[in-house]
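In what follows, a structure is listed as structure tokens, so that the remarks can point back to it.
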Amino acid sequence: MRQKNFVIASLLAVLFTITTHAVAGIYKLVDENGHITYTNTPVKGGQKLQTNSSETRIVAKAMTRAPLTIGGFPKVTDSQQKKRDVHRRQILESELASETKHLVEIQQALNEAIKNMRSAEPHHTQLLSDTHISENENIKKLRNQISLHERNIMALRAELGNL
């Protein structure tokens, strides 16, 4: 019940703000590049547009009478939403498991590539060969993939935390 009252109060506050701005006036500003900006607050160099006060009242009145739901948009029962959330959680958990698996595989590939590069390095200084450069590029690619999977894992965990 509290949540419903909060939602209604929030919507009324938004509608009041919108209607207040609709009555406040409209200003037009053209910048040096010719871009036109319309705003409801006075701006330096802006031009106040003439509005018919009766039109403004009609818009404001219509906005305060707007229904809380969009016409024709399907409503979802609580049980339907819970089923959707369960299904969504399963999908997110599956994606998280997949991302974690890929991360482990790429980390292993990176460790192996680093190990191979170190074992191939000569103990004396010489010019880098083409294979050595390509191995470094391969390591960079693997590190980028690791970073990508780590970001995906963080995003999936955050999304799961929102459920």
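In this text the structure is predicted, and so the values were computed from the model without any measurement.
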(request) Report the distance from atom OG1 of T41 to atom CD1 of I26, rounding to the nearest 0.5 Å. (result) 11.5 Å
(message) Looking at every non-hydrogen atom in both residues, tell me the closest pair between K75 and Q80 and how far apart they are.
(response) O-OE1, 4.1 Å
(request) Can you measure from NZ (K83) to NE2 (H87) and round to the nearest 0.5 angstrom? (result) 13.0 Å
(request) Check the hydrophobic clustering (I, L, V, M, F, W, Y; side-chain heavy atoms under 4.5 Å; chains of links allowed) and say if L163 and I91 are grouped together. (result) no
(message) Taking I114 as the starting point, is it possible to reach I146 by hopping between hydrophobic residues whose side chains are less than 4.5 Å apart?
(response) yes
(request) Just grab all the side-chain hydrogen bond (donor to acceptor under 3.5 Å, both in side chains) pairs involving residues 153-163, residues at least two apart or on different chains. (result) R88-E159
(request) Please name all residues satisfying side chain to side chain contact (heavy atoms under 4.5 Å, CB included) with D31, sequence neighbours left out, ordered by chain then number. (result) N33, H35
(request) For R151, check side chain to side chain donor-acceptor pair (under 3.5 Å) against everything at least two apart and list the hits. (result) S147
(request) Could I get the full list of side chain to side chain donor-acceptor pair (under 3.5 Å) partners for S79, not counting sequence neighbours? (result) T77
(request) Kindly write out the residues that satisfy side chain to side chain contact (heavy atoms under 4.5 Å, CB included) with V30, not counting sequence neighbours, or none if the list is empty. (result) K28, I36
(request) Look up atom CG in L142 and atom CG in N111, then write down how far apart they are to the nearest 0.5 Å. (result) 10.0 Å
(request) Can you sort out the partners of E93 under side chain to side chain contact (heavy atoms under 4.5 Å, CB included), two or more places apart, ordered by chain and number? (result) R89, L160
(request) State the CG-OG1 distance between L96 and T100, to the nearest 0.5 angstrom. (result) 4.0 Å
(message) Measuring only between side-chain heavy atoms, which start at C-beta, is M117 closer than 4.5 Å to N136?
(response) yes
(request) With sequence neighbours excluded, tell me which residues meet side chain to side chain donor-acceptor pair (under 3.5 Å) with Q81. (result) D85
(request) Check each of L148, I106, L110 against R143 using the side-chain contact (heavy atoms from CB on, under 4.5 Å) test, and report the only one that passes. (result) L110
(message) Could you work out, with side chain to side chain donor-acceptor pair (under 3.5 Å) as the rule, every residue matching E99, not counting sequence neighbours?
(response) H149, N152
(message) Going by side chain to side chain contact (heavy atoms under 4.5 Å, CB included), name the residues that satisfy it together with S98, two or more places apart in sequence or in a different chain.
(response) H102
(request) Write down the atom of L103, the atom of I153, and the distance for their closest heavy-atom approach. (result) CD2-CD1, 3.6 Å
